[in-house]
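Here the structure is a predicted model, which is why all the values come from computation and not from measurement.
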Amino acid sequence: MLFGGIDIGSLTGKAVIMEGDEIISSSIILVKRNPVLTSELVYTEALSKLNLTPDDINFCVGTGYGRERIPFINKSLSEISCHGKGANFLNNDIKSVIDVGGQDCKVISIDQKGELVDFRMNEKCAAGTGRYLEIMADLLGLSLTELGTISLKSKSPIALSSECSIYAQSEVLNYISRKIKKQDIAAGINYAMAKRVQKMTEKISLSPEFAITGGVAKNAGVVKNLETLLNLNFQPLSVDSQLIGALGAAIFAQSYSISK
Amino acid sequence: MIIGIDVGSILVKAIMLDESINNTIVYKTVAKSAGDPEYIIKNLINDIAQNLKLKKRDLNIGITGRNSENLDVYHKFSEMNSLAAAINTLHRNTQIIVDIGGFTNKIIKVDDNGRISDYLVNNICSSGSGVFLSLICKSLDINISQIDEYAFQSKNPLQISSQCSIFAETEVIYLMNEGKNLEDIVAGACRSISGRLMPLILKVGLDSINQIVLTGGLGKSEFIKKDLENQLKSQITTPKLDPLFVCAYGCALSLLNDSQEGLN
C-alpha cells in the first residue's frame, strides 16, 4: 500500500510517497500563488516519477500552511507533529528537533515514539527564520548554501549588534560598503541566526539528542554555530532535511489508514 | 551659518540657519541614507557650499541621528535633546513629543521648562516605524507620500496581522492577491503604526492636559495623526516646521546655543 505526505511551507512545497517503511518518491518545488496549487503540483510531480496517480495512494496527509485547503488529502495535521514524527522515524534516538522554516522557527520535544511532548514556535519575528538568511544572502549575492560554505573560511566574523532583521540588514549594507570580506559578513550573519535559534531552545526542556530539519539545515555555517552554542552534534538524518515534515505526514498517513 | 544634520536610518536631513538674520531657516535638504554616513555628510556639505556659494569654513556643523555614531569629528547632539530643543522653540508648552523615525520610535515627555522628564524608545523592533510603511508601500507600488490620499478613501481598513515589517510586506502581497482594496490595506497599515505607538504613549503617561506634537517623516500623515487623536481622545499638534526636519532643526539650535555659550 502506498501513502502520501504533503508539506506546504512558505517558500517550498514538499511531497513524499512511501511504501511500507520505504520512501519511493519525493519532490520539492517553490511555492506558487496559493497552497492548493502548490500541493497539487508537488504531489503530481512526486507521483509522476513512478507513473502513479492519486488513486494509487491509499491515504494522504497534508501539513503546513493552508493544509486544510488541500482538496485531495484524507487528513491534515500540524507541521510540529509531522516534523517530530519524521525525524524520529529516521533515527529513533532523536528526542529534540529544531525546524527552521521560511517564515518561522520551531523547537520540538518528542518521545521515543515520535509523538509530540512540547514545542515553541516563533512566527512573529523574521529574525531566526529562513527569511532572515534569504534577505542576507540576497544582499551578499550568494545562494543560501553558499552563505553557509563561504562563512566557514572566515577567520574574523563581524558582529551584528541588532536582532531585528531590518536593523541587521542595514548593518550588513554598511559592512559591504566598507568592503569587509564576504566570508566575514556571512560568518556574522550565520552566528546571529544560530544565536537566535539557540535562544528558543532555552524556552522548553529539551534532551540533547537533537536533529535539525528544514532548508536552513543545509547552511553549514548555521549548523556549525548551533552545534557550538548548544554544545552537541546534531543527529544525522538520511533524508533531505527539507523533506522531514512531508515524511512525517506520510508516516501518519500509514498509521491513520490502519485505524481507518 | 549653522547646519544641523540628522543622520537617520533611511534619510539624512539637513537644515541651515542664518545667524545674521535671527536664525531664520534658509535652507533644507534631504538625502538617502545609503552607504557610509561620513561620505554622505561630506557630499551634503559640499553641495550646500557649492549651491549657496558659501565657504565651508563659514559652516558650523552639528550632527545627530541614529547613524551618527562614528562621526566624532563634528559637534554631536543626541536625538532626544535635539527634539526637545526644537519643540521648546517651535511649540513651547508641549508635554509629549511622539517621534516616528525610519527605524525607531521615541516618546519624549517634556516638563514646564522644556527639559526632558521621561522618555521611551522602541529600538528593538522596526514595527511601527517608517520602514514598516515604506516596505508596504513598495509592495503596493505606491509612494509613501501618497498614504493619506489612499487611507482617507478607505471605508473598511484591513487589519495587518503581522507586526514584523518583513512579514507585513508579504502579508500585503497576499492581501492584494486576495483582491483586497488598496485603500483598505493602506489604512490598515497606517493603523498598525498608530497601534504600535499607543502602548508606548500610554506607558510614558499622559496628564490631564497635554500638548502632543508628532515629529519624524510620518508626522506628516494626517491619517496617522487623526487615528492617534481618536485613540488618545486628545488633540495633536502638527509642528510648524516640516516634521521630518524637526530633529535636524533642534540639532542646529543646540549647536547655536553651545556656540553662544562659548562666546559668553
Legend entry - Residue part contacting chain B, namely of A/I176, when any heavy atom lies under 4.5 Å: neither
Inset, instruction - Please test B/F132 against A/I166 for side-chain contact (heavy atoms from CB on, under 4.5 Å), starting from the C-alpha separation and ending with a verdict. - result: CA-CA 9 Å; B/F132 180 90; A/I166 298 278; over 6 Å; no
Legend entry - Options A/A126, A/A127, A/S170, A/S177, ranked by heavy-atom pairs under 4.5 Å with chain B, top entry: A/A126
Legend entry - Option that, when pairs with chain B are counted at under 4.5 Å, heavy atom only, ranks first among A/R178, A/E163, A/R131: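 Of A/R178, A/E163, A/R131, A/R131 has the most heavy-atom pairs under 4.5 Å with chain B.
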Once you round to the nearest 0.5 Å, how far does [atom1] of [X] lie from [atom2] of [Y]?
{"X": "A/Q169", "Y": "B/I166", "atom1": "CD", "atom2": "CD1", "answer": "6.0 Å"}
{"X": "A/K124", "Y": "B/C125", "atom1": "NZ", "atom2": "SG", "answer": "12.0 Å"}
{"X": "B/F103", "Y": "A/S162", "atom1": "CZ", "atom2": "OG", "answer": "9.0 Å"}
{"X": "B/D36", "Y": "A/K179", "atom1": "CG", "atom2": "NZ", "answer": "10.0 Å"}

For the [atom1] atom on [X], are there more than 12 heavy atoms of other groups (residues, nucleotides or ligands in this structure) within a distance under 6.0 Å?
{"X": "B/Y119", "atom1": "OH", "value": "no"}
{"X": "A/K218", "atom1": "NZ", "value": "yes"}
{"X": "B/E69", "atom1": "CD", "value": "no"}

Which heavy-atom pair separates [X] from [Y] by the least distance, and what is that distance?
{"X": "B/C164", "Y": "A/C125", "value": "CB-CA, 4.3 Å"}
{"X": "B/T104", "Y": "A/Y167", "value": "CG2-OH, 3.5 Å"}
{"X": "B/N177", "Y": "A/R33", "value": "O-NH2, 3.9 Å"}

Inset, instruction - Indicate yes or no: at least one non-hydrogen side-chain atom of A/C164 is less than 4.5 angstrom from one of B/N123. - result: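 They are not in side-chain contact.
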